[in-house]
**Student:** 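One structure coming up, written as structure tokens, with questions to follow.
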Amino acid sequence: MAWTWRYEKADGSAATTDAGQEEFAGQGDAETWIGETWKQLAEDGVDTAVLLEDDRVIYAMSLHAE
């Protein structure tokens, strides 16, 4: 199983970032990585990060402070 993040703009379209597309061995590794890089992703124009296990959406989260 591959764990990845998909990056989206507020309108749901794909967002590109200099962070590239990382692939993780497990959910915990993916969540640790996003915890360390979410501020840079938000600065790059990412509004939402969507966690995927292969092609299955696990959850989506906003990168903006409430």
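Note that the numbering runs from 1 along the sequence shown for the chain. Every value quoted in this text rests on a predicted model; they were computed, and no experiment measured them.
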**Student:** Is there side-chain contact between Met61 and Thr48, with at least one heavy-atom pair below 4.5 Å?
**Tutor:** no

**Student:** Could you pull out every donor-acceptor pair under 3.5 Å between side chains of residues 36-46 and any protein atom, sequence neighbours left out?
**Tutor:**
unit_1	atom_1	unit_2	atom_2	d
Thr37	OG1	Trp33	O	2.9
Gln40	NE2	Asp44	OD1	2.9
Asp44	OD2	Thr17	OG1	2.7

**Student:** With sequence neighbours left out, write down each residue that passes side-chain contact (heavy atoms from CB on, under 4.5 Å) with Thr4, or none if nothing qualifies.
**Tutor:** Gln21, Glu23, Leu52

**Student:** Please identify each residue that fulfils salt bridge (Lys or Arg N to Asp or Glu O under 4.0 Å) with Glu8, with sequence neighbours left out.
**Tutor:** Arg6

**Student:** Applying salt bridge (charged side-chain N to carboxylate O under 4.0 Å, His left out) as the test, list every pair that has at least one member in residues 54-63; sequence neighbours left out.
**Tutor:** Glu53-Arg56

**Student:** Please tell me if the side chains of Val50 and Tyr59 come closer than 4.5 Å, counting only heavy atoms from C-beta onward.
**Tutor:** no

**Student:** What are the two closest non-hydrogen atoms of Trp3 and Gly26, and how far apart are they?
**Tutor:** CD1-CA, 3.6 Å

**Student:** With heavy-atom distances below 4.5 Å as the criterion, would you say the side chains of Trp5 and Leu51 are in contact?
**Tutor:** yes

**Student:** Not counting sequence neighbours, which residues clear side-chain contact (heavy atoms from CB on, under 4.5 Å) with Asp11? List them please.
**Tutor:** Lys9, Ser13

